[in-house]
Structure formats: C-alpha cells, structure tokens
Amino acid sequence: MSKIRIPHDGKDLEVNIILGSWRYVKLVVNDDLSIDMKVPVGMKQDMIHSFLEANKRELLQEYDRKKNRNHQALPITMDLQEGRLVYRNGLQMPFLGNMDLKLRIRHVPEGEETKVFVDQISEHERVLTIRTDNDDQDFIRYCIMRYYKKCATGIVRRYVKEFSEKLGLSYGNIHITNLTTGGSRLALPKLRYSNLTVKNQTTLWGRCTRRHTLKFDWKLAMLPEEVIQYIIVHEMTHMKK
C-alpha cells in the first residue's frame, strides 16, 4: 500500500492507496480521520494522481466535516477536562483487570437511534462501539456506564449464585433492581435478602445492609475477577451472622 501526500491547512495529509478488485475508484475519510483511496488493480499512477487532484476539493471538505464533528479522534494518552476523563476514539479502558477494551465512537445522522455493542477482536482485545448522533461527554459517559453496569450485573448474578450454595444460605426473595422485565423475577436461588442492587456506590465497592440487601458498584466490571470474587464473598459473609 503506497501513500500520496496532499497539503491542507499547513500540513500534509496522507492518502492510503489500497489496490483491490473494485470496479471504481473510491475516496473514504474514516472516523479516525485517516484517508483511504480504493483503486482497481492495474490503474496507472498518473491516472490515480489525476483522479485525486480532480476530487481533492470534495475530499478536503469531507475531511473538515468529520474533523469538526469528530474532533475527539484517537488520543495517545488519557485526557482530563475539569478533573474528569475525556472519552475519545481509541481510548483503552479497563475490563476485568486488563486495559483491553477500546472505545470507538461512530457518529450517525441526527435522529438515528443510539446503539452500543461490543466486538471481540481477539482473545485480549475487544471494542466497545457507540453509534450515536450525540457527542456530548455526559451522554458518552452514560452509555459507557450502562455497558459496565450490564457486565457487572451478569458477573454478580453468577458469583452470588455460586457462593450462596457454598455458604449454605437459605432461600428467600432475590432480584436485580430495575433489571427484571414483565414483572417476573430472576430464575436464581432465592436468598434471605430481598434485594440485590448494582448501581453507583460512589465510595464503596459493595455493602450488605441490616436487612441483608447486597449492593455493589457497577465499576466492579473493571476489576480482576479474583478481586470481584473477594468483594462479593466478603459482603455475603455478613449474611451468616
């Protein structure tokens, strides 16, 4: 893959020339502001340069449009703004003790529904994609929090069930706050407490109330699994007293 440099705003932009079995030439400005030019195999260099020159104005307009809309493109380090982490494309985030969750923000036309999903790229790399027309930092933080909360809830469910059997806890009523649908309760062993909550705990990873309500922080999903297990077991042992 070769590159062609074109000047823009006092610097050179690199256009990646990608040869393939395409029938037509196509210029693409990616979300990370890299530029690809898909070229049919066999197209001569002078024709490639001529096509790029003829379409340079539209290409640079699209580049500026995406740069203005997606001004948070691929930082090298974590940025703080007013003491808060700035969520940008390419940011590596913690998941189960590893920094292998990469954030990808895809901007979509205004009015399109926001979608959040994860792609497992490899054993040690996953990408959390947020497709949205809203680039407000508070909204991006909310989407990320909801993903972590969903993961933490699944982890807590699994270990509470496993450890309840090992600790010999008797059965009662159990459900995840604000998670049940259709009025039905989770098909899990029913412990002696009436509520299991995964939410923002602010200062505590978890706690057990006097009424045997277990509460855990959604950021548990960021910790190594052995640490998560310790926190859950620690809180559940209070129910044995």
Side-chain angles (χ1 to χ4, degrees), residues 1-94 99-122 124-144 147:
M1 181 176 67
S2 60
K3 299 178 184 293
I4 298 177
R5 296 178 180 272
I6 55 176
H8 182 56
D9 285 345
K11 66 176 183 179
D12 287 343
L13 301 179
E14 289 187 342
V15 180
N16 304 310
I17 308 302
I18 304 174
L19 300 178
S21 57
W22 299 285
R23 296 181 60 186
Y24 308 101
V25 180
K26 185 176 181 180
L27 285 164
V28 180
V29 179
N30 300 303
D31 287 341
D32 62 1
L33 301 183
S34 61
I35 304 173
D36 294 333
M37 183 176 179
K38 297 181 178 181
V39 177
V41 174
M43 187 174 183
K44 296 181 178 179
Q45 283 293 321
D46 58 343
M47 295 180 64
I48 294 175
H49 283 272
S50 296
F51 182 91
L52 184 58
E53 185 64 30
N55 293 274
K56 184 168 66 175
R57 180 180 177 184
E58 291 78 10
L59 173 65
L60 295 178
Q61 286 177 345
E62 175 66 7
Y63 177 88
D64 287 338
R65 185 188 71 82
K66 283 205 170 183
K67 182 179 179 180
N68 291 333
R69 188 173 187 181
N70 188 18
H71 57 281
Q72 303 172 346
L74 292 177
I76 302 301
T77 59
M78 291 185 179
D79 293 336
L80 294 178
Q81 191 175 79
E82 297 180 355
R84 304 181 74 186
L85 180 64
V86 178
Y87 290 99
R88 302 186 177 186
N89 268 324
L91 179 68
Q92 297 288 145
M93 300 185 297
M99 294 293 290
D100 59 358
L101 180 63
K102 180 184 290 187
L103 178 62
R104 178 170 58 191
I105 302 173
R106 298 290 194 190
H107 293 287
V108 298
E110 186 175 353
E112 188 169 323
E113 179 184 4
T114 295
K115 295 182 179 179
V116 181
F117 55 91
V118 172
D119 292 317
Q120 188 77 40
I121 305 302
S122 65
H124 301 293
E125 182 182 6
R126 60 178 64 197
V127 176
L128 173 61
T129 299
I130 302 175
R131 292 176 51 87
T132 181
D133 64 350
N134 187 347
D135 62 358
D136 179 74
Q137 277 289 295
D138 286 337
F139 181 73
I140 298 299
R141 287 188 183 98
Y142 172 78
C143 291
I144 294 171
Y147 169 72

For Glu62, which residues count as a side chain to side chain donor-acceptor pair (under 3.5 Å) partner, sequence neighbours excluded? Arg65
Measure from the side-chain N and O atoms of Glu14 to the backbone N and O of Arg5, and report whether any donor-acceptor pair falls under 3.5 Å. no
Knowing that exactly one of Val29, Ile35, Leu59 qualifies, which makes a side chain to side chain contact (heavy atoms under 4.5 Å, CB included) with Leu13? Ile35
Under 3.5 Å, side chain of Gln137 to main-chain N/O of Tyr87, donor-acceptor pair present? yes
Taking the side chain from Asp119 and the backbone from Ile121, do they hold a donor-acceptor pair closer than 3.5 Å? no
Within 6.0 Å of CE in Met43, more than 12 heavy atoms from elsewhere: yes
Begin from the C-alpha positions of Leu101 and Tyr147 and carry the test side-chain contact (heavy atoms from CB on, under 4.5 Å) through to its verdict. CA-CA 12 Å; Leu101 180 63; Tyr147 169 72; 3.9 Å; yes
SB check Glu113 Arg131 (cutoff 4.0 Å): no
Sub-4.5 Å side-chain heavy-atom contact between Ile6 and Leu60: yes
Nearest heavy-atom neighbours spanning Gln120 and Arg126: OE1-NH2, 3.2 Å
On a heavy-atom basis, which atom in Asp12 and which in Pro7 lie closest, and how many Å separate them? OD1-CA, 3.6 Å
Check this for me, if you would: do Asp36 and Lys26 make a salt bridge, where the nitrogen-to-carboxylate-oxygen distance has to be below 4.0 angstrom? no
Does Lys3 offer a backbone N or O that forms a donor-acceptor pair with the side chain of Asn16 under 3.5 Å? no
If you take all heavy atoms of Leu19 and Pro40, which pair is closest and at what distance? CD2-O, 4.3 Å
